[in-house]
Amino acid sequence: MNQLHAIAARFVDESKIAEILPLGNGLINDTYQVRMQGSVQPDYVLQHINTAVFTDVEMLQTNIERVTHHIRKKYEARHVKDMHRRVLLFLKADTGKTYIEADGTYWRVMDFIPDAYTYEAVTPQYAYHAGRSFGDFEALLSDLEEPIGEIIPDFHNIEYRLKQLDEAISADPAGRMKDAEVQCYVGKIKDVAAEMCLGERYFREGKLPKRICHCDTKVNNMLFDKDGSVLCVIDLDTVMPSFVFSDFGDFLRSAANTGAEDDPDLDNIHFNMEVFSSFLEGYLEGTRSFLTPIEKSLLPYAATLFPYMQTVRFFTDYINGDTYYKIRYAEHNLVRTRAQWRLFEEAMAQRQAMEALLK
Ligand code: GN1
Ligand code: MG
C-alpha cells in the first residue's frame with residue numbers, strides 16, 4: 001500500500017479504492033481524486049494541506065466546518081435540490097476529526113462532486129452566474145454567528161503585503177535585487193502604493209466594513225453545471241473576514257484577464273470589460289441585501305487592487321527565492337509578476353469605463 005492509499009484508508013474503505021490521481025492546479029495544496037471501484041460508489045478528493053501556509057489546521061477545518069454547515073442548513077430550509085453537489089462535505093477520519101496528521105503531514109478528504117466543470121476563463125454569461133454566486137455566498141454567511149478565525153492574518157491587507165515586499169527587498173536572500181528589471185518593478189509598485197492603500201485607510205476611518213468573504217475567488221475555484229449555472233464554490237481555506245473587494249477583485253483578476261495568470265506573452269493580456277459588466281450585474285444582485293454605497297462605489301478600485309496585490313505577492317516571493325507559491329520553472333514568479341503588472345495597467349486604463357458602468 002503506498003502512502004496516498006494509506007492516508008485515504010483512514011477516511012474511506014481502503015478495499016474499494018480503485019486508483020488515486022492528481023487533480024486540479026492549485027498553487028498551495030496538493031490535491032488528488034480518489035476513484036472508487038464501481039460506478040455507484042462516490043469518489044473522493046484527498047488533499048495534502050500546506051502547513052507552511054496554513055499553520056493552524058484545527059482552526060482551518062473548524063472554519064470550513066462552520067461555513068459548510070451554515071450553508072447546508074440554509075439550503076435545506078430553501079429545499080435546494082442536489083445538495084451533495086451544492087456544498088462541500090468533509091469526511092471524518094478514524095480520529096473523529098475532518099483531518100489527520102501522519103508523520104507531521106496533514107490531510108483531509110471531501111466528497112468529489114460529479115458532473116461538474118471548472119474553467120480557467122469564462123464567457124460573460126458564466127461571469128454573470130459567478131457574480132450571483134459569490135454575492136449569494138457572502139449573503140448566506142452574513143448571519144453566521146459562530147466566529148471565523150483569520151486563518152492567514154492580514155491576508156488581503158495591501159499595506160501588510162507592501163511591508164513584506166520591503167522586508168524581502170532589504171533581506172534579498174536570493175540575491176535578486178541587483179537585476180535592473182527587478183529594480184524597475186520596485187519603482188513602479190511604489191509609485192502607486194499610496195493610492196492602492198485606500199481601502200485600508202477607509203477601514204481605519206470606520207467607513208468600510210469587513211464581512212465573511214471567500215478570499216480566493218479565482219475562476220477555477222467554482223464548479224459549474226453543464227448549463228453554465230454555478231453548482232458550488234470550492235477551496236474554502238481562506239474564508240475569513242475581509243473587504244468585499246477580495247471576492248469581487250480576485251474573480252476579475254482571473255476571469256477578466258484575456259491571458260493567463262502567468263502569460264509569458266504580455267500582448268495576450270487585456271481586461272475584458274464584458275466580463276466585468278456581467279460579473280458586476282450578477283454581484284450587485286447577489287449582494288443587494290447588504291452592500292453599502294461606499295462598498296459599491298469602490299468596486300472599480302477593487303478590480304485594480306487585486307492585480308496589484310497579486311503582483312506584489314508574486315514579486316515578493318520571487319525576491320525571497322520562491323518559498324511560497326509552487327513554481328514550474330526558475331523564473332516563474334518573475335513571469336507572473338510581469339503578467340499581473342500588465343493586467344493591473346490594463347485594468348487601470350478601464351477605471352473610468354468601470355465607473356461609468358457602475359453609474
Ligand atoms: C493561491 O490555492 P490557490 O492556488 O487557489 C493563493 C491565492 C492567490 C492564488 C494565485 C492561500 O490560491 O491567494 O491569489 O494562489 N492562496 C493562498 O493564483 O495564498
Ligand atoms: Mg484553488
Side-chain angles (χ1 to χ4, degrees), residues 1-54 57-58 60-65 67-69 71-72 75-76 80-121 126 133 216 218-239 325-328:
M1 190 158 59
N2 69 27
Q3 189 213 14
L4 290 177
H5 277 253
I7 303 276
R10 296 190 52 190
F11 294 86
V12 305
D13 182 353
E14 209 277 320
S15 70
K16 301 215 166 64
I17 297 175
E19 54 180 343
I20 302 183
L21 310 160
L23 180 71
N25 41 14
L27 302 190
I28 306 291
N29 297 317
D30 305 311
T31 310
Y32 306 88
Q33 179 175 1
V34 182
R35 295 205 40 248
M36 306 299 278
Q37 293 162 11
S39 54
V40 279
Q41 293 282 356
D43 289 343
Y44 298 99
V45 174
L46 169 68
Q47 246 180 353
H48 168 239
I49 301 170
N50 180 335
T51 47
V53 172
F54 299 107
V57 179
E58 179 64 28
L60 177 73
Q61 288 305 106
T62 303
N63 280 353
I64 293 177
E65 282 168 42
V67 165
T68 52
H69 180 73
I71 294 177
R72 184 167 294 109
Y75 281 172
E76 273 163 9
V80 168
K81 288 200 231 58
D82 235 9
M83 283 290 285
H84 69 292
R85 295 170 76 214
R86 302 301 308 277
V87 54
L88 294 180
L89 185 64
F90 286 82
L91 271 64
K92 287 210 163 100
D94 51 7
T95 54
K97 291 195 178 274
T98 59
Y99 66 89
I100 60 158
E101 186 265 343
D103 299 326
T105 62
Y106 287 79
W107 302 79
R108 64 187 170 196
V109 170
M110 65 201 107
D111 278 353
F112 179 83
I113 299 184
D115 305 317
Y117 301 86
T118 55
Y119 300 99
E120 297 296 328
Y126 281 43
S133 295
D216 191 8
K218 280 204 288 203
V219 49
N220 64 14
N221 279 335
M222 347 192 65
L223 300 182
F224 290 86
D225 211 345
K226 270 195 279 298
D227 61 359
S229 60
V230 173
L231 272 176
C232 183
V233 172
I234 60 172
D235 202 348
L236 304 175
D237 293 335
T238 52
V239 172
Y325 295 106
K326 289 184 204 166
I327 53 166
R328 287 198 311 277

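For the numbers below, each heavy atom of this structure counts, side chains included, while hydrogens, waters and symmetry mates do not. Predicted model, so just to flag it, every value in this text is computed and none were measured.
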Within the structure provided, determine whether Tyr32 and Leu23 are in side-chain contact (heavy-atom separation under 4.5 Å). no

Would you mind checking if Arg85 and Asp225 are paired as a salt bridge, meaning a charged N to carboxylate O distance below 4.0 Å? yes

Just how far is it from atom CG of Leu88 to atom OG1 of Thr68, taken to the nearest 0.5 Å? 7.5 Å

No-hydrogen, no-angle side-chain donor-acceptor test under 3.5 Å, Ser15 and Asp13: yes

Just verifying a value: how many Å separate Arg10 CZ and Leu46 CG, rounded to the nearest 0.5 Å? 12.0 Å

Looking only at heavy atoms, what is the nearest atom pair of Thr105 and Trp107, with distance? OG1-NE1, 2.8 Å

Kindly compute the distance separating CD1 (Ile7) from CG (Asp103), expressed to the nearest 0.5 Å. 7.5 Å

Is the shortest heavy-atom distance from the side chain of Lys97 to the side chain of Gln61 under 4.5 Å? no

Indicate, with yes or no, if the rings of Phe11 and Tyr44 have centres closer together than 6.0 Å. no

Hey, what do you get for CD1 (Ile28) to CG (Asp237), rounding to the nearest 0.5 Å? 9.5 Å

Please indicate whether Lys92 has more than 12 foreign heavy atoms, meaning atoms of other residues, nucleotides or ligands, lying under 6.0 Å from its NZ. no

Spatial distance of atom CG (Asp82) from atom NE2 (His84) [nearest 0.5 Å]: 5.0 Å

Are any side-chain N or O atoms of Asn221 and backbone N or O atoms of Asp216, one a donor and one an acceptor, separated by less than 3.5 Å? yes

Show the numbers, then the answer: is there a side chain to side chain contact (heavy atoms under 4.5 Å, CB included) between Ile20 and Gln33? CA-CA 6 Å; Ile20 302 183; Gln33 179 175 1; over 6 Å; no

Would you indicate whether the side-chain heavy atoms of Leu89 and Arg72 approach each other to under 4.5 Å? yes

After noting the C-alpha distance and the side-chain angles of Asp94 and Ile100, does the key distance pass the side chain to side chain contact (heavy atoms under 4.5 Å, CB included) rule? CA-CA 8 Å; Asp94 51 7; Ile100 60 158; 4.1 Å; yes

Side-chain donor or acceptor of Arg86 paired with backbone N/O of Cys232 under 3.5 Å: no

Working note: Leu223 + Thr118, criterion side chain to side chain contact (heavy atoms under 4.5 Å, CB included); need CA distance, chi angles, decisive distance, verdict. CA-CA 5 Å; Leu223 300 182; Thr118 55; 3.4 Å; yes

Nearest heavy atoms of Lys326 and Gly26, plus distance in Å: NZ-O, 3.3 Å

Could I get the full list of side chain to side chain contact (heavy atoms under 4.5 Å, CB included) partners for Glu101, not counting sequence neighbours? Tyr106

Between Met110 and Val45, is any pair of side-chain heavy atoms under 4.5 Å apart? yes

For Asn50, does its backbone N or O pair with a side-chain atom of Asn29 as donor and acceptor, under 3.5 Å? yes

Mind checking whether Val53 and Tyr325 have side chains closer than 4.5 Å, heavy atoms only? no

Side chains of Asp227 and Ser229: donor-acceptor distance under 3.5 Å anywhere? yes

Any donor-acceptor pair under 3.5 Å from Asn220 side chain to Glu120 backbone: no

How many angstroms lie between atom CG of Asp235 and atom CD of Gln47, to the nearest 0.5 angstrom? 7.0 Å

Run Met83 and Tyr75 through side chain to side chain contact (heavy atoms under 4.5 Å, CB included) and show every step you take. CA-CA 8 Å; Met83 283 290 285; Tyr75 281 172; 3.5 Å; yes

